[in-house]
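None of these values were measured; they are calculated from a predicted model. The sequence lines fix the lettering, A, B, ..., with proteins before strands; numbering per chain opens at 1.
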There are 2 protein chains.
Amino acid sequence: MATIAQVALFAGVSTATVSRALNKPDVVDEKTKAKVREAVDALGYRPNQVARGLASRSSRTVGVVINRFDSAYYGQMMQGAEKGLRSVGYKTIAESTCEHADGERAAWNSLLDRQCEAIILHADALSDDELRELYKARRNTVLMNRYHPDFADRCVYLDNIKGGQLAGEYLLSKGHRSIATITGPSSYYEARDRLTGLRQSLANAGIELDPALVEEGNFRDDMGFTCMNRLIDSGKTLSAVFCQSDEMAAGALDACRQRGVRVPEDISVLGFDGLDLAYHLTPKLTTVRQPLREIGEAAGLLAYAVATKSTDHSDIKRIFAAEVVERSSVRDLNDGS
Amino acid sequence: MATIAQVALFAGVSTATVSRALNKPDVVDEKTKAKVREAVDALGYRPNQVARGLASRSSRTVGVVINRFDSAYYGQMMQGAEKGLRSVGYKTIAESTCEHADGERAAWNSLLDRQCEAIILHADALSDDELRELYKARRNTVLMNRYHPDFADRCVYLDNIKGGQLAGEYLLSKGHRSIATITGPSSYYEARDRLTGLRQSLANAGIELDPALVEEGNFRDDMGFTCMNRLIDSGKTLSAVFCQSDEMAAGALDACRQRGVRVPEDISVLGFDGLDLAYHLTPKLTTVRQPLREIGEAAGLLAYAVATKSTDHSDIKRIFAAEVVERSSVRDLNDGS
DNA sequence: ATGAAAGCGCTAACAT
DNA sequence: ATGTTAGCGCTTTCAT
């Protein structure tokens, strides 16, 4: 590994000149630059970016803290974030936390010790209060797909209320009136917002969401299965159920299959997330897609803006809208009438 | 941000002593350590790991180069690698390449410039020849889920021949004799090996794999769909088809559904990979699982061994075995007889 | 336009 | 057991 000193020696110039030739080419003479280039090629010199970072106090690195990488939900955001960061020449140090608040805290700290200029945090386990507390000391943080009222300008997230509304409106437009829903944990603002949105859209149509048709799940498929069974057992009339995640919809579909309930003939099922999974279910799942890659990418760019202390972030989109991906799990009741 | 100099000043000792108190606690006096601890707490000192790395010539960082993060296949390996590295106190710089040889090359280089002590490479696009060439100059590389004869001791991978055999043996054990297969691209050694394994297991049972029942796919679901249709159109007798990826199996299942072919009553379908996807298909897909998380973790540990130049890697598993995950897409023909 | 010198924050001999 | 002195490989004043 050649160092800048060796290059300088070889080229017969000072290290400062080599540094300039490489980083501020317009400030140095053509001929000198040629000599430097020659030396660089001859020695196969590649600047040590760590030393560079230490001297210039800029690591060009951001940390991404995420629950886990082995699920499409996180994977898409990770992909987006890394892509955004890569596009501006930044590196991504990735760390998973295994759904542990301790892990989230530890990762946050250790990434800062590594001189990450910003941290992209997907905090699942940390509470709003703790987040606020920690954020005070670490202002260079971006929240990915989570909203926190105290630093909304550092949050990139989906408008979950509108997402829930969209779900309701879609179902209404297909003629559904008896609508059930399987939500995420009520401790998650996403779950609450989506429910609020659903309620609003129904209210706009003069329909009140029946509390008996609201089941609280946990976003995972086994709870989708359980909740769907409960709904079926309730004996209540229902023509459609809106699941707040595709995974729960998968479980719900399983339950229907086992109970001999046909989807969408007997009951329509609408998912949320828009993962590849939805496409592979039977019937292919109609779902409300969150643009996770885009959210990740925006988080990456916002992190970059934070890192470089650029004052104007107004060009970076922070609130994203969900959209319906129409497939075959929702029946159009208008057809028959 | 407090520096070590400020801590030293506060504690009334030299920076060297502070450094020792933190890194080699057994070499320094209890009382001095107490003073240092106090200073550290008072100032909220956290060592700058980048400076530390520069001085000690060890970044405690490895790079992971992967096609993309937003698919379960890569995600699982990424998760395993990061976990393995994290367990030994190393950080993971992750970079995706979007299936581009240029990307793989560039990432490899730039991660080295960042002083990664080792690189974990999942090379899809780079050819064996090019890999050999590049490897010469960068011996601190680990190949994740790929085998290269020239540096087998730096490869962590699945035994695909045995995987293919396992698939064949499983199908045979269920009474299948007319077996078709949809492979990956023949340019991939994985695809060739799995086919070889399948052939061997059939040969062991005195059966020759009918060339007309071998369709070359590309691991993606749409090709699974296309190939399955071809198989159906061929009019050949076949009771089971082994798909070399779960995704292709998903496509194959779709094709069957569209053509009115029942799975597993009319045709059995066996997948490969063991992704979550397989579980969510209808019928739930029986598949040959590769332990991707374990492979990733082993790659992480091997990278650590390479980074620390530990001479003995013999405790790190490098060749992994596939296993059958039995679900509902393969019919047991022995039942009826 | 270029060089000399100082320094980023830390570790690692070498002394004592 | 602790302090002194050099660096690690680079950037960045400040001169010239």
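Among residues two or more places apart in sequence or in another chain, the side chain to side chain contact (heavy atoms under 4.5 Å, CB included) test is passed with B/Glu294 by B/Arg289, B/Pro291, B/Phe320. The side chain to side chain contact (heavy atoms under 4.5 Å, CB included) search around B/Val27 returns B/Lys24, not counting sequence neighbours. Every residue two or more places apart in sequence or in another chain that forms a side chain to side chain contact (heavy atoms under 4.5 Å, CB included) with B/Glu95 is listed here: A/Glu82, A/Arg86, A/Lys91, B/Ala107, B/Ser110, B/Leu111. Scanning for side chain to side chain contact (heavy atoms under 4.5 Å, CB included) contacts around B/Ala106 gives an empty result, with sequence neighbours left out.
The stretch residues 147-159 of chain A participates, sequence neighbours left out, in these side-chain hydrogen bond (donor to acceptor under 3.5 Å, both in side chains) pairs: A/Arg132-A/Asp150. Sorted by first then second residue, the salt bridge (charged side-chain N to carboxylate O under 4.0 Å, His left out) pairs that include residues 50-61 of chain A, not counting sequence neighbours, number zero. Sorted by first then second residue, the salt bridge (charged side-chain N to carboxylate O under 4.0 Å, His left out) pairs that include residues 61-73 of chain A, not counting sequence neighbours, are A/Arg68-A/Asp70, A/Asp70-B/Arg293. Under the side-chain hydrogen bond (donor to acceptor under 3.5 Å, both in side chains) criterion, no residue pair touches residues 34-43 of chain B, with sequence neighbours excluded.
Taking every nucleotide of DNA chain D with any atom under 4.0 Å from a non-hydrogen atom of chain B, the first and last of them, 5' to 3', are D/dA1 to D/dG9.
Taking every heavy atom of residues 42-56 of chain B and every atom of DNA chain D, pairs under 4.0 Å involve B/Leu54, B/Ala55, by number.
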Interface polar pairs with nucleotides 2-5 of chain C, N/O, under 3.5 angstrom:
{"unit_1": "C/dT2", "atom_1": "OP1", "unit_2": "A/Thr32", "atom_2": "OG1", "d": "2.2"}
{"unit_1": "C/dT2", "atom_1": "OP2", "unit_2": "A/Asp29", "atom_2": "N", "d": "2.9"}
{"unit_1": "C/dT2", "atom_1": "OP2", "unit_2": "A/Thr32", "atom_2": "OG1", "d": "3.1"}
{"unit_1": "C/dG3", "atom_1": "OP2", "unit_2": "A/Ser14", "atom_2": "N", "d": "2.9"}
{"unit_1": "C/dG3", "atom_1": "OP2", "unit_2": "A/Ser14", "atom_2": "OG", "d": "3.2"}
{"unit_1": "C/dG3", "atom_1": "OP2", "unit_2": "A/Thr17", "atom_2": "OG1", "d": "2.6"}
{"unit_1": "C/dG3", "atom_1": "N7", "unit_2": "A/Arg20", "atom_2": "NH2", "d": "3.1"}
{"unit_1": "C/dG3", "atom_1": "O6", "unit_2": "A/Arg20", "atom_2": "NH2", "d": "2.5"}

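Protein atom CZ of A/Arg114 is 14 Å distant from nucleotide atom P of C/dC10, rounded to whole Å. We find that CZ of A/Arg57 is positioned 6 Å from P of C/dG9, with the value rounded to whole Å.
Residues A/Glu117 and A/Ser58 have side chains in contact (heavy-atom distance under 4.5 Å, counting atoms from C-beta outward). Looking at A/Leu126 and A/Trp108, their side chains come closer than 4.5 Å, going by heavy atoms from C-beta outward.
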Test side chain to side chain donor-acceptor pair (under 3.5 Å) on A/Tyr188 and A/Asn160; report intermediate values, then the result. CA-CA 11 Å; A/Tyr188 279 51; A/Asn160 285 288; over 6 Å; no
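Remark on the helix from C/dA1-D/dT16 to C/dT16-D/dA1: inter-end axis angle 40°, axes from five-pair C1' superpositions, rounded to 10°.
When each of A/Asp26 and B/Ala5 is assigned the nucleotide of DNA chain C with its nearest heavy atom, A/Asp26 is the one assigned upstream, toward the 5' end.
Between A/Lys33 and A/Pro25, the shortest heavy-atom contact is NZ-O, 2.9 Å.
Side chains of B/Thr61 and A/Arg114: a donor-acceptor N/O pair is present below 3.5 angstrom, by distance only.
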